[in-house]
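Okay, here's the structure, questions in a sec.
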Amino acid sequence: MTNTTHYVVITGAAKGLGLAIAKQAIHNGYYVIGIGRNVSEEFINISENQQTFIEFDFNNLVNIPDLVLEIMDVVGEGVPYGLVNNAAAGLDGLLATQHLTDISKVLTINLHAPIILTKYFSRRMIKFRRGRIINISSIIAQTGFSGLSVYGATKAGLEGFTRSLSREVGRVGITVNCVAPGFMETDMTSSLQGTKLDSIKRRAPLGLPKTEHVAATVLHLLEEKSERITGSIFTVDGGSTA
């Protein structure tokens with residue numbers, strides 16, 4: 001089991017992939033600080049003494065420094081070991097008809113906010129000469145998808161950010177990687193019917209991944225023995241982009 005003094009911050013932790021990552025992290029002994037707009041009952045029920053949830057809207061970029069101070073109050077004398085930038089907005093629609101406010105929201109939450117949050121956390125990680133930064137991308141960064149051009153741009157931006165930052169902080173023992181999920185088996189896919197769902201499933205010879213499969217990859221990158229893995233993009237899509 002991992003030492004419980006290893007604190008891992010997970011954004012978008014109240015549901016979906018973020019919740020799956022939080023569950024596995026706590027199971028493996030990490031203390032999880034979840035960040036999101038609203039806490040969920042599922043997150044609260046994971047553990048009574050290995051988690052804290054802080055409500056925060058990543059549209060508020062100017063308040064991120066205050067969020068970091070609040071997180072550090074939880075960490076206390078401990079080390080901010082891991083940061084998982086998972087929170088994201090995925091508003092779809094043709095670019096030609098999207099409102100500027102919608103475009104700005106996706107850019108802010110998916111790219112601008114994680115860069116700023118990572119800026120403040122990397123300072124603390126550099127001080128202790130250790131840390132794990134994991135950005136959640138998407139296969140859409142590479143494959144594209146009609147109606148998700150802005151979303152795809154933000155995920156491609158995260159991957160470029162990952163590669164360059166890994167070179168900046170690698171010399172002090174900090175790793176920076178990306179996990180890029182494909183279409184996952186969730187409540188969203190269960191609502192699809194007929195040929196559309198069949199088409200999605202046919203692309204994945206191993207079957208659609210579940211959030212637990214993607215979370216397991218994140219947990220692998222958090223491990224101490226992954227200290228020589230950095231600047232990489234890990235695809236978890238059941239083989240759909242093979």
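Not measured: the values here are computed from a predicted model. Basis for what follows: all heavy atoms, side chains included, without hydrogens, waters or symmetry-related copies.
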(message) Between Y31 and Y7 (judged by ring centroids, cut-off 6.0 Å), do the two rings come close enough to count as a pair?
(response) yes

(message) Do F43 and V32 have side chains that approach each other closer than 4.5 Å (heavy atoms only, starting at C-beta)?
(response) yes

(message) For the CD1 atom of I233 and the CD atom of Q142, what is their distance to the nearest 0.5 Å?
(response) 7.5 Å

(message) Applying side chain to side chain contact (heavy atoms under 4.5 Å, CB included) to R124 and V68, what does each step give before you reach the verdict?
(response) CA-CA 10 Å; R124 288 160 171 80; V68 173; 3.7 Å; yes

(request) Consider only side-chain heavy atoms of I, L, V, M, F, W and Y, link residues closer than 4.5 Å, and tell whether L165 and I174 are in one cluster. (result) yes

(request) Give the cluster check for F56 versus I71: same hydrophobic cluster or not, with ILVMFWY residues linked at side-chain heavy-atom distances below 4.5 Å. (result) yes

(message) Measuring from atom CD1 of I54 to atom CG of D73, what distance do you get when rounded to the nearest 0.5 angstrom?
(response) 8.5 Å

(request) Any chance you could measure Y30, atom OH, to L219, atom CG, to the nearest 0.5 Å? (result) 6.5 Å

(message) If we ignore hydrogens and angles and just use 3.5 Å, is the side chain of N86 paired with the main-chain N or O of T11 as donor and acceptor?
(response) yes

(message) Take a 6.0 Å sphere around CZ of F128 and say whether it holds more than 12 heavy atoms from other residues, nucleotides or ligands.
(response) yes

(message) Do N49 and S47 pair up side chain to side chain, a donor and an acceptor below 3.5 Å, judged on atom types alone?
(response) yes

(message) Determine whether a donor-acceptor pair (N or O, by modelled atom type, separation under 3.5 Å) exists between the side chain of T175 and the backbone of T230.
(response) no

(request) Indicate yes or no: does K23 engage E212 in a salt bridge with an N to O separation below 4.0 Å. (result) no

(request) Would you name the heavy atoms of A89 and Y151 that are closest together and state the gap between them? (result) O-CD1, 3.4 Å

(message) Is there a side chain to side chain contact (heavy atoms under 4.5 Å, CB included) between F58 and I35? Walk through the geometry before answering.
(response) CA-CA 9 Å; F58 281 105; I35 313 294; 3.7 Å; yes

(message) Please check: side-chain N/O of Q50 versus main-chain N/O of I26, any donor-acceptor pairing under 3.5 Å?
(response) yes

(request) Considering non-hydrogen atoms only, spot the tightest contact between I133 and M125 and give its length. (result) CG1-SD, 3.8 Å

(message) Keeping S40 on the side-chain end and A14 on the backbone end, is there a donor-acceptor pair under 3.5 Å?
(response) yes

(request) Using a cut-off of 6.0 Å, state whether more than 12 heavy atoms not belonging to L69 lie near its atom CG. (result) yes

(request) Nearest 0.5 Å please: distance from the CG atom of N135 over to the CZ atom of R163. (result) 11.5 Å

(request) Determine yes or no for a side-chain-to-main-chain donor-acceptor pair under 3.5 angstrom, with S122 supplying the side chain and T118 the backbone. (result) yes

(message) Applying a strict under-4.5 Å side-chain criterion to I, L, V, M, F, W and Y, I'd like to know whether I21 and I44 cluster together.
(response) yes

(message) Using a 3.5 Å distance criterion without hydrogens, assess whether the side chain of R203 forms a donor-acceptor pair with backbone atoms of L208.
(response) no

(request) State, yes or no, whether a side-chain contact exists between N59 and K105 at a heavy-atom distance under 4.5 Å. (result) yes

(request) Please report the shortest heavy-atom distance between A22 and I46, naming the atom on each side. (result) CB-CD1, 4.1 Å

(message) Let's go through V79 and H6 carefully: what are the C-alpha distance in whole Å and the side-chain angles of both, what is the deciding distance for side chain to side chain contact (heavy atoms under 4.5 Å, CB included) to 0.1 Å, and is it a yes or a no?
(response) CA-CA 7 Å; V79 180; H6 279 27; over 6 Å; no

(message) According to a hydrophobic-cluster definition based on side-chain heavy atoms being under 4.5 Å apart (Ile, Leu, Val, Met, Phe, Trp, Tyr only), do L148 and I139 belong together?
(response) no

(request) For A156 and A141, work out which heavy atoms get closest and say how close. (result) N-CB, 3.5 Å

(request) Using atom types as modelled and distance alone, determine if a side-chain donor or acceptor of D237 lies under 3.5 Å from a backbone N or O of P181. (result) no

(message) Can you tell me how far apart CG (L67) and OH (Y120) are? Round to the nearest 0.5 Å.
(response) 11.0 Å

(message) I'd like to know whether R132 forms a side chain to side chain contact (heavy atoms under 4.5 Å, CB included) with E227, so could you lay out the CA-CA distance, the side-chain angles of the two residues, the decisive distance to 0.1 Å, and finally the verdict.
(response) CA-CA 9 Å; R132 300 284 185 269; E227 62 185 353; 3.7 Å; yes

(message) Looking at S226 and L222, would you say the former's side chain and the latter's main chain have a donor-acceptor pair under 3.5 Å?
(response) no

(message) With rounding to the nearest 0.5 angstrom, report the CD1 to CZ distance, I33 to F53.
(response) 12.0 Å

(message) How close do E224 and Y81 get, counting heavy atoms only, and between which atoms?
(response) N-OH, 3.8 Å

(message) Donor-acceptor check, side chain of N60 to backbone of V62, threshold 3.5 angstrom: yes or no?
(response) no

(request) Would you mind reporting whether N85 and L158 have side-chain heavy atoms less than 4.5 Å apart? (result) no

(request) State whether the side chain of K155 and the backbone N or O of I136 hold a donor-acceptor pair below 3.5 Å, judged by distance alone. (result) yes

(message) Between V214 and M184, is there a side-chain heavy-atom distance shorter than 4.5 Å?
(response) yes

(message) Please give me the minimum heavy-atom distance between L91 and Q98, naming the atom from each residue.
(response) O-NE2, 3.7 Å

(message) Hydrophobic clustering (ILVMFWY, side-chain heavy atoms < 4.5 Å, transitive) - are I229 and V236 grouped together?
(response) yes

(request) Flag the pair V218 / Q24 as yes when at least one side-chain heavy-atom distance between them is below 4.5 Å, and no otherwise. (result) no

